[in-house]
Structures are given as structure tokens and as C-alpha cells.
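Here is the structure we will look at.
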Amino acid sequence: MSEFEEGKTRYGMVIDLDKCNGCGAFVTACQSENNIPPSNPELANARRSIRWMDLMPMTEGKFPHVTMRMLPRPCMHCEHPPCIKVCPVRATYFSEETGIVGQIYYRCIGCRYCTAACPYTVRYFNWFPQEWPEPVDQLQNPDVTVRPKGVVEKCTFCHHRLIKAREDARAQGRTMQPGDYNTACAQSCPSGAITFGKLSDHKSEVSKQARSKRAFKLLEDLGTEPKVIYLREGE
């Protein structure tokens, strides 16, 4: 993992593939937390389903010696994100304060350049107005914007939770502490496979795990420097 500039906060995530049992609880938690409408067979068949945090099957080896593992895949929140470079209206941006790659939905013109530029294919275009069947429509999170048709959306590391954690700490007259800010996927993972926190803090648990000999990043040779790190199985 590359060293971040001194004084910069960089939030990131470590996913331990040895602990992940593929239950998919974090997928459901992400959808509920971020107002992602449920899919249906028609959307799935047309490849129009939206999942900010997905569970991707990956196969290794050659027949008949083939193994399969499940790979949780959110936005990588790259330190050098190619999606930002192609956006003509600056609807997607990089936060120098946190290292989070954000999206301004009502600035997005739906050109989908960012979708094409993302090497991890973790950006999703809203082809249709979002719909929630009853009683799911009563479970929307008031802290998260409902995206309109015609814009691109993505994982935000539950940025609204960071805003709330800052406000709570300020109201209590203290600084933010480790654990004040956590993502819905990490909080809901029953096996503890997902760890979230400050990669820039070498004393944090997520930073320690990121420096493990088991650690690797997806498509690391592209130079995007993703802030989602995986831990290999069985080592």
C-alpha cells in the first residue's frame, strides 16, 4: 500500500476472503442503508440491477480442478480514480479531506463516461425511475438522497454516516474516535470479514490488516491505488 501524505485522512476497507462465507448480509444492509430499490427478474435479465456492494463469484483453476470463491465488491475509492478524469461536468469528485470518491447526482448528465472509464465496473446508471413496492417503501433512509432516472450512482462508503458522526462528536465537544464512523456493510457482516476505518492511521485495525502479507488489491498494476484491500484465503 502506498504511503499517504502526512496529515491526510484516508478512509479505506479491508475484506478478509478467508472469513467471508458468502451470506450476502452486507449486500442487503447496503441496499437498505442507501435507498437502493430491490431488483426483479426483468431488471436482472436486462442487466439493469443496481448494487453498490455486490457479491461476485470467481472461479480459479482448470476443469476438473476448479474452485469458486465469493468476492465482495464495492467501489474501490481509488486514490487516482480514472472516472473523475472523464466526467465533463465534475459530477464525480475526489475528496482531498477523506479520500472518498463522491457523486453529485443532480449535476450528472448521464453521459456514462465514468461508467466506461471505471476498470472495476462498479458504477451504475439509473435506466428507470426508482420504485419500491409496499411495504419496502416505508423503509427509506431519510439521510440518503433518492437518485432520479438518468444519473450514475455508486458506493459512497456511507458518507452520510461520516457527516452524522462529525456532528455528534461536535455536539459532545470531543473529537471523533475510532468506531464513530462505520459503513453499513462492515457493521452488518456477521463473520467480521469487513473492516473499515482510517488507512492513513497506522495504528488503526484496518491499516494493520492492509499491511498484512495476505493483502492484495484488484488490478493494482493500473496505478489506480484502490483503498479497498483484500486478504487472500488460506495463508
Side-chain angles (χ1 to χ4, degrees), residues 1-5 8-15 27 30-31 33-37 39 43-44 46-56 58 71-130 144-163 183-185 196 198-200 210 215-230:
M1 186 182 70
S2 65
E3 294 295 327
F4 302 120
E5 291 183 28
K8 281 191 173 181
T9 297
R10 289 293 181 266
Y11 286 101
M13 181 179 290
V14 172
I15 301 175
V27 176
C30 174
Q31 289 186 287
E33 178 74 19
N34 293 289
N35 292 336
I36 301 172
S39 184
L43 289 175
R47 298 182 182 275
R48 299 293 185 256
S49 297
I50 294 177
R51 286 192 178 96
W52 289 10
M53 180 61 140
D54 208 351
L55 190 62
M56 306 296 296
M58 296 186 65
L71 186 80
R73 192 189 61 176
C75 171
M76 299 293 129
H77 291 276
C78 307
E79 186 70 12
H80 303 292
C83 55
I84 291 178
K85 299 176 182 178
V86 299
C87 181
V89 294
R90 301 186 70 180
T92 184
Y93 65 93
F94 180 83
S95 171
E96 291 291 347
E97 183 184 8
T98 62
I100 293 174
V101 178
Q103 187 81 3
I104 304 174
Y105 304 115
Y106 289 100
R107 185 179 289 177
C108 178
I109 59 175
C111 67
R112 287 170 283 162
Y113 288 175
C114 61
T115 305
C118 175
Y120 304 101
T121 64
V122 288
R123 285 177 166 269
Y124 302 91
F125 183 72
N126 272 283
W127 293 91
F128 310 102
Q130 296 189 0
V144 179
T145 302
V146 176
R147 285 75 62 188
K149 172 185 175 182
V151 303
V152 175
E153 60 181 76
K154 59 178 284 297
C155 159
T156 64
F157 272 168
C158 293
H159 184 258
H160 59 283
R161 289 189 168 199
L162 172 59
I163 296 173
T183 60
C185 58
F196 180 80
K198 289 184 180 180
L199 285 173
S200 51
F216 72 96
K217 301 176 183 178
L218 296 183
L219 304 178
E220 189 171 6
D221 56 331
L222 295 180
T224 57
E225 295 190 26
K227 290 191 284 294
V228 175
I229 298 98
Y230 294 89

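Just so it is clear, the values below take in all heavy atoms, side chains as well, and ignore hydrogens, waters and symmetry mates. Not measured: the values here are computed from a predicted model.
Atom-to-atom distance recorded for Cys185:SG and Met13:CE is 3.5 Å, nearest 0.5 angstrom. The CG atom of Leu199 sits 9.5 Å away from atom CD of Glu79, with the distance rounded to the nearest 0.5 Å. To the nearest 0.5 Å, the span separating NE2 on His77 from CD1 on Ile100 amounts to 6.5 Å. One distance of note links CD of Glu97 with NZ of Lys8; it measures 11.5 Å at 0.5 Å rounding. Expressed to the nearest 0.5 Å, how far NZ of Lys217 lies from SG of Cys78 amounts to 9.5 Å. Distance CZ/Phe125 to SG/Cys111: 9.5 Å, rounded to 0.5 Å.
Contact record, Val144 with Asn34: CG1-O, 3.7 Å, taken as the closest heavy-atom pair. Across every non-hydrogen atom of Ser95 and Arg10, the tightest pair is O-NH1, 4.1 Å. When all heavy atoms of Arg112 and Val152 are compared, the pair lying nearest together is CG-CG2, 4.2 Å. Trp52 and Cys30 make their closest contact through CB-SG, 3.6 Å (heavy atoms, listed as atom of the first residue, atom of the second, distance). The two residues Thr9 and Ser200 have their closest heavy-atom pair at CA-OG, 3.4 Å. Between Pro37 and Asn35 the shortest heavy-atom distance is CD-O, 3.6 Å.
Without hydrogens or angle criteria, Thr92 side chain to Gly102 main chain gives a donor-acceptor distance under 3.5 Å. In terms of modelled atom types and a separation under 3.5 Å, the side chain of Tyr230 and the main chain of Pro72 share a donor-acceptor contact. In terms of modelled atom types and a separation under 3.5 Å, the side chain of Lys154 and the main chain of Cys75 share no donor-acceptor contact.
A 4.5 Å side-chain heavy-atom check between Tyr124 and Ile36 finds every atom pair outside the cut-off. Here the side chains of Thr183 and Cys155 are not in contact, with every heavy-atom distance at 4.5 Å or above.
Below 30°, between 30° and 60°, or above 60°: for Phe196 and Phe157 the angle between ring planes is above 60°, a perpendicular geometry.
Within a 6.0 Å sphere centred on OH of Tyr105, heavy atoms belonging to other residues, nucleotides or ligands number more than 12.
With sequence neighbours left out, Arg161 forms a salt bridge (Lys or Arg N to Asp or Glu O under 4.0 Å) with Glu33.
Side-chain atoms of Tyr120 and Thr224 include a donor-acceptor pair closer than 3.5 Å.
Of the options Arg147, Arg123, Arg51, a salt bridge (charged side-chain N to carboxylate O under 4.0 Å, His left out) to Glu153 is made by Arg147 and by none of the others.
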